[in-house]
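One structure is given here, and the rest of the page talks about it.
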Amino acid sequence: MLEVKNLHVAYGGIRALKGISLSVQKGEIVTIIGANGAGKSTLLNTISGFLKPVRGSVLYKGKVLPRRPDLIVKSGICHVPEGRLIFANLSLEDNLLLGAYLRNDRKAIQSDLEKVYQLFPRLKERRAQRAGTLSGGEQQMLAMGRALMTNGELILMDEPSLGLAPLLVQTVFDIIEQFRGLGKTILLVEQNAFKALQLADRAYILEQGRIVKEGPARELARDPAIKAAYLGSRSRGGGG
Amino acid sequence: MAAILHIRDLTKQFGGLTAVDAVSFSVPEGGIVGLIGPNGAGKTTIFNLITGIYRPTSGSIEYRGKSIVGLEPFRIADMGITRTFQNIRLFKNLSVFDNVLTACHLSANYSFAEAILRLPRFRAQEKHLTAKAEELLGIMNLSDYRDLIANNLPYGLQRRLEIVRALALNPKLLLLDEPAAGMNPDETEQLMRLIVRIRDDFGLSVLVIEHHMDLIMGVCEHIVVLNFGEKIAEGSADEISKNAQVIEAYLGTSEEAVDA
Amino acid sequence: MVQFLQQLINGLSIGSVYALMAVGYSLVYSIMNFSNFAHGGVIMLGAYFGFFGLTLLKLPFAVAFLLASFGTLLVAIIVERIAYKPLRERKAPFLYFIISAMGASILLENLVIATIGPTFRTYPEVFPKTPIELGPLAIGRLDLIIFVISAVSLSFLIFFIDKTKLGKAIQAASYNVKACALMGVNTDKVILTVFGLGGFLAGIAGVFFGMKYTVYPQIGNITTKSFIAAVFGGLGSLPGAVLGSVLLGIIETFVAGYLSSQFRDLIAFVILIAVLVLRPTGIMGKVTEDKA
Amino acid sequence: MDWTYIQGILMLAGINMIAVLGLSLLTGFTGLFSFGHAGFMAIGAYVGAWISASPASTPAGMGLPFILAIVGGGAAAGVVSYFIGRISLNLKGDYFCIATLGFGEAIRLIFNNVNRFGGARGWPGVPSNSSFLAILIADIVAVLFLANLVKSRHGRNMIAVREEELAAQIAGIDVFRSKMTSLVISAVYAGVAGVFFAHYMTFIQPKMFSLTKSTELTIIVIFGGLGSISGSVLGALVLTALPEVLRAFEIWRLVFYGAAVILIMVSRPKGLMGGLELTPSGIRKWTAERNALRQAKATLLAEDSGRKED
Amino acid sequence: MKKVLFAALAVALVLAGCGGGGDSNVIKVGWLGALTGDQAVWGENELNTVKMLFEEYNAAGGIEVGGKKYQFEVIGYDNKGDAQESVNVTKRLTGQDKVVAIIGPNASGNAIPMAPILEQAKVPDIATVATNPKVTVQDGKVKPYNFRVCFIDPYQGAVAAGFAYDKLNARTAAVLYDVSDDYSQGLREFFKINFEKKGGTIVADESFNSGDVDFRPQLSKIKAANPDVIFMPYFFKEVALSANQARDLGINATLLGGDGWPSDQLISMGGKAVEGSYFVNHLDYADPAVQDFKSRYKAKYGKETELNGFLAHDAVLVFVEGLKKAGKPNGEAIAKALEGIDVQGITGRIHISPETHNPEGKDAAILKIVNGQYIFQEKYAAQ
């Protein structure tokens with residue numbers, strides 16, 4: 001469905017991506033794991049048209065993507081950015097409806113809205129509230145709900161668990177799992193490698209702007225090198 | 001151990017919303033205390049209240065036995081409380097060195113005229129400030145990046161620089177707001193060691209907000225848990241991790257612990 | 001009492017002229033978050049377009065009016081492309097936009113002086129100039145029309161911004177351009193729409209200003225007052241811009257009428273500053289939360 | 001070229017330079033944008049004229065030496081700016097701009113109405129004391145003071161306020177005081193410039209200190225480059241000379257001037273100097289920063305032993 | 001970008017520098033005034049007049065001075081109506097271009113700061129319509145190089161006040177003036193003093209700020225004071241606007257003004273509102289003496305001359321007379337020669353007093369607007 005070929009991106013004079021190639025098949029959850037500054041966000045921003053590659057190409061359903069963010073959204077790729085970027089000045093529902101900006105099928109939009117509210121009952125209670133007054137967790141849900149409203153088939157997610165409490169982190173991952181059920185394909189960038197590898201079908205390990213390893217997620221999760229670098233040596237969670 | 005910071009019945013309301021509701025806890029001298037809770041529980045608000053950015057609706061904040069409620073942020077900083085921010089706030093267009101040098105200003109007291117006329121006291125004190133800034137950068141392993149513009153610093157180092165800048169003020173109490181956000185386990189571990197080290201080397205007390213449970217459980221001697229602005233639990237790492245209320249509101253049933 | 005009412009009418013009349021100018025300015029501010037000082041220059045061009053439409057081309061008023069409005073729409077878009085877009089793409093701080101806008105304003109004013117000449121010109125009489133007399137009170141017909149036009153364009157704008165999809169996208173873009181693009185919005189188009197609308201309103205303001213007073217290259221200077229009015233009402237708030245304008249008009253009038261015309265502007269400034277001290281974001285300004 | 005003419009332009013540039021340097025401290029180093037500095041110039045000009053004009057002339061002055069006029073004019077502007085600062089420094093962004101605009105215009109309006117100072121008809125007969133040498137000395141002193149200031153803790157605090165107000169507060173910087181100091185100093189500079197201006201023109205009128213003058217100063221600061229003293233110096237020279245150079249184009253010259261302003265903003269958004277100082281230490285610093293960036297890139301790429309394409 | 005800018009600067013400087021030198025039998029005369037800004041209409045008119053007259057002299061073979069025939073070259077610069085620019089321009093004209101004399105400007109605020117430069121360069125200036133007394137006299141001392149061909153504010157104010165009291169039988173007057181304009185403040189001051197001295201009462205004294213377009217708040221106040229006349233000492237744009245608004249408010253008082261009034265624009269825009277108003281002028285447009293100049297100007301430039309053209313015309317006459325009398329094209333000599341000179345100009349007899357450098361005893365003309373025409377009423381001299 002998505003194919004990235006030999007992508008090179010320079011960012012502020014620093015070459016951030018050095019020949020990335022990866023692919024995402026329909027219905028898959030693919031995760032990209034890497035340290036800070038490895039180029040994960042750069043990759044997503046390039047796919048969604050905010051950064052211009054120096055070299056290489058991005059193909060979606062076999063076609064080269066246009067180089068304008070709005071046209072990329074139109075072709076069916078939706079990006080949930082890092083830091084959520086909700087419209088704090090608009091109501092929650094307006095935020096969701098903006099997700100459906102490119103759609104004109106009123107009925108379908110309405111039914112999708114209901115679907116989102118079903119998925120996030122918490123949002124329904126606050127539909128008229130100004131989005132800026134939502135808590136971090138609610139904002140993340142809103143950002144994800146907004147992504148659903150675009151009706152894109154491929155969802156790019158950038159650090160959805162960032163800054164969230166453990167309980168919410170779990171919820172967010174549960175929801176990503178449900179997205180799969182809705183027929184979405186997901187490319188997930190995550191700091192929380194442990195959770196991401198649990199959830200994903202396949203994974204790529206990104207280091208210094210290069211892919212150093214790829215494979216089925218479960219396999220990578222057992223790789224000792226990866227365990228050491230990304231999963232931490234201590235046991236995790238509430239156990240202490 | 002005497003408490004360096006003592007918070008009692010601290011309440012903050014925004015309009016009709018109660019962000020912090022009668023929270024009390026204290027930070028012992030030389031201690032590392034964790035402040036955890038779900039997003040929107042009021043943790044950062046408490047930081048803003050302690051540092052004087054917000055004024056409490058009611059309640060008291062005592063620092064070394066003196067109330068600091070109503071003082072301006074810079075006065076509170078002057079007294080020895082400083083902090084870092086959730087979304088890093090460096091002096092972005094200044095070099096790493098200048099970031100630290102600027103924050104060293106409390107260690108000098110030459111006057112305006114002395115500066116403009118470059119009188120001996122100005123030169124002596126400036127020399128001292130420069131030395132201090134260099135030293136701090138050295139201690140924190142940032143000397144290599146001395147002349148780099150802060151904005152060009154890799155993310156992890158930006159966090160570290162923010163801590164160095166805080167240390168330049170000779171604080172007695174350091175508040176860290178999600179210092180490990182966006183760090184992987186490896187980096188988090190380094191950060192933990194760093195926090196303990198600066199506590200010991202600089203004789204500080206630390207209050208830290210964090211979602212990385214490794215860090216909280218690993219370094220905090222005492223943990224305060226908030227939910228919806230209220231304190232729901234308080235205690236050692238062990239006590240907290242077994243507290244049913246905390247698990248329900250914050251930690252969740254951690255299947256991952258089984259898996260790992 | 002008669003004096004009081006007459007002064008109130010005078011104040012409303014001046015205020016509605018300010019309002020007509022302030023709305024377009026405030027609209028651009030609300031999206032772009034900078035004071036578009038070129039707005040005055042565009043208003044001035046609108047006045048000239050209308051004037052030449054009526055006199056040189058001998059067009060009927062409605063056509064000349066549309067010519068002026070669409071003409072300034074185009075000018076506003078050109079200014080955006082040349083003076084702001086490169087800054088926008090570079091994410092330059094608001095200061096640079098303001099300076100660029102000042103450059104544009106100097107350029108427009110002097111371009112008119114160099115090409116059309118510095119003389120002032122008089123609109124042919126479109127609406128009868130004789131005032132409506134209510135006993136001892138005089139109400140200008142044009143004033144009434146301007147008042148209505150201000151109200152209508154404000155309502156239209158508010159409807160457009162609050163109720164239409166593009167309007168919502170404009171609001172979203174005002175908060176975060178990148179996130180807006182992620183929704184599939186062509187943000188470049190949104191910004192052009194905003195400048196276009198601002199330009200269109202400038203055309204209306206220019207034509208009516210020209211009809212009410214006269215046409216000359218320095219009309220733009222009057223917009224300083226409408227900037228002040230917009231700040232007074234709360235930057236970025238369209239109803240605030242109108243409210244601020246009307247209040248400023250009335251305050252000026254009453255100060256001149258009852259206190260001292262010599263110190264009119266001085267006292268108006270004092271009131272402005274007093275309002276800002278009490279309400280640092282103007283009467284209806286959006287309070288920005290400084291998240292720590 | 002004739003020297004009196006060139007000298008005249010240089011003197012004006014030198015006078016502008018003093019005001020621009022002051023404004024540069026406020027705008028370039030402290031991050032506050034003022035539309036009212038012509039007002040401070042007006043205060044300096046009028047107070048200076050009052051001190052030095054002969055008691056026999058109308059309006060009558062005190063007939064004191066020029067140096068007292070400079071001190072008095074600068075001090076008066078500083079004092080007024082203190083009170084203005086008390087009221088307006090808590091305002092943010094454009095609101096502060098408009099407040100300063102209000103104050104600047106208010107000062108002019110007051111002078112229009114004060115008959116003691118000649119009202120709108122102006123004050124002729126100000127002694128012609130602004131010699132080329134005096135202006136040159138004043139410029140040198142102004143540059144040195146400012147350069148020393150921005151390299152001191154006081155100056156660094158101002159820069160910190162510009163960079164990130166909240167972080168500055170948390171770093172123990174009294175933000176309000178830093179802003180106030182910066183405002184007062186910049187007003188003193190403007191006041192002194194006003195004194196020199198009055199004694200250069202030998203005649204002052206409130207309309208000389210209009211909003212246009214304030215904008216002109218701001219344009220020069222930004223044109224020269226925010227946070228660069230050398231930029232302000234160069235900016236004052238270039239932009240004072242530019243209209244003279246363009247004089248040959250007659251009515252088109254202001255069109256070119258406007259276009260030049262846009263062009264600079266669009267093509268060199270950091271202004272002429274963009275934070276760089278043309279001094280040995282400034283250049284050293286600049287090269288150090290460049291090297292540091294290059295080095296950082298190198299370290300980041302160090303582990304990357306693979307194909308080198310760049 | 002920067003390079004281009006500097007290159008342009010350098011080229012322009014060199015070009016500007018090349019202007020110097022030149023023939024020894026060419027006399028350079030400077031002109032300055034506003035070619036941009038609010039007053040540009042008059043500036044353009046003055047410069048056109050000056051250029052036309054000297055072209056005529058040149059076409060006639062030039063002028064003989066001290067036994068040698070000279071041609072003229074006019075160098076005119078824009079001062080934007082700004083004092084600082086006037087200083088720059090004066091320095092340029094005297095230093096760079098080496099003119100022997102300067103004609104203009106029309107605004108007093110622009111003329112006053114020129115004095116020290118003129119004195120230093122020893123170049124005389126003949127102002128056209130700068131009416132502030134301080135243009136030529138400061139603290140009782142005459143400025144050696146400043147001259148003018150127009151009467152001064154106190155005189156004009158006195159004429160207006162006297163005419164209003166004596167001829168219009170007005171006993172109450174209101175004043176509306178531009179508080180930020182020196183000309184307007186000056187006229188208002190002398191009108192008030194003289195009108196009250198005569199026994200009249202000023203019932204309202206209201207002001208506005210340059211750039212204002214709405215005067216109704218002030219006019220409403222004036223209406224309540226119900227004066228016999230309203231004195232409007234400012235320029236035609238504001239006069240037309242305020243007159244219209246006054247009539248809209250139902251004010252029927254006679255309007256009275258000064259030499260800022262006369263202009264075609266006043267009639268076209270003021271229309272009925274200014275009908276029946278009076279103003280003080282430098283000349284009568286119907287005077288046979290001015291017809292020749294009017295038609296020459298119209299023939300050359302295709303439009304009517306403004307008031308400033310007449311005074312610029314006389315300034316040129318005075319200069320040429322002074323030049324001839326001096327016998328050599330030298331600024332200092334011309335300045336000396338101008339003192340006490342007596343010339344019959346088209347705006348009247350111009351006798352430059354050595355004490356004040358003003359054209360003493362020049363009568364003012366009172367004009368009335370009747371059917372959209374400026375109709376001469378009488379020559380009126382204030383006592």
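Proteins come first, then strands; the chains are lettered A, B, ... in the order of their sequence lines, and each starts at number 1.
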Subject >> Interchain contact, E:Q138 with chain D, by part (heavy-atom threshold 4.5 Å) >> reply: side chain
Original post:
Given a strict heavy-atom distance threshold of 4.5 Å, which part of D:L109 is in contact with chain E: side chain, backbone, both, or neither?
Top reply: side chain
Subject >> Under 4.5 Å from any heavy atom of chain D - which part of E:D153 >> reply: side chain
Subject >> D:F203 and D:F197 aromatic centres sub-6.0 Å >> reply: no
Subject >> Toward chain D, the part of E:V87 with a non-hydrogen atom under 4.5 Å >> reply: side chain
Original post:
For the ring pair D:Y257 and D:W252, is the centre-to-centre distance below 6.0 Å?
Top reply: no
Original post:
Based on non-hydrogen pairs under 4.5 Å, which of D:T212, D:L12, D:T4 is most in contact with chain E?
Top reply: D:L12
Subject >> Under 4.5 Å from a heavy atom of chain E, the part of D:T202 involved >> reply: side chain
Subject >> Which atoms of E:D82 approach chain D - backbone, side chain, both or neither, heavy atom under 4.5 Å >> reply: neither
Original post:
In terms of heavy-atom proximity below 4.5 Å to chain E, should D:M208 be classed as side chain, backbone, both, or neither?
Top reply: side chain
**OP:** Decide if the gap between the ring center of E:Y177 and the ring center of E:Y234 is smaller than 6.0 angstrom.
**Re:** no
Subject >> Closest-packed option against chain D by number of heavy-atom pairs under 4.5 Å, given E:M114, E:K141, E:K98, E:K80 >> reply: E:K80
**OP:** Using a strict cut-off of less than 4.0 Å between a Lys/Arg side-chain nitrogen and an Asp/Glu carboxylate oxygen, indicate whether D:K207 and E:D181 qualify as a salt bridge.
**Re:** yes
Original post:
Do side-chain atoms of E:T94 reach the backbone of E:T90 as a donor and acceptor pair under 3.5 angstrom?
Top reply: yes
**OP:** Verify whether the ring centers belonging to D:F117 and D:W50 lie closer than 6.0 Å.
**Re:** yes
Original post:
Is it the backbone or the side chain of D:E244 that comes under 4.5 Å from a heavy atom of chain E, or both, or neither?
Top reply: both
**OP:** State yes or no: are the ring centers of E:Y155 and E:F151 separated by less than 6.0 Å?
**Re:** yes
Original post:
Are the ring centres of E:W42 and E:F235 closer than 6.0 Å?
Top reply: yes
Original post:
Can you say whether D:P124 sits under 4.5 Å from chain E via the side chain, the backbone, both, or neither, judging by heavy atoms?
Top reply: both
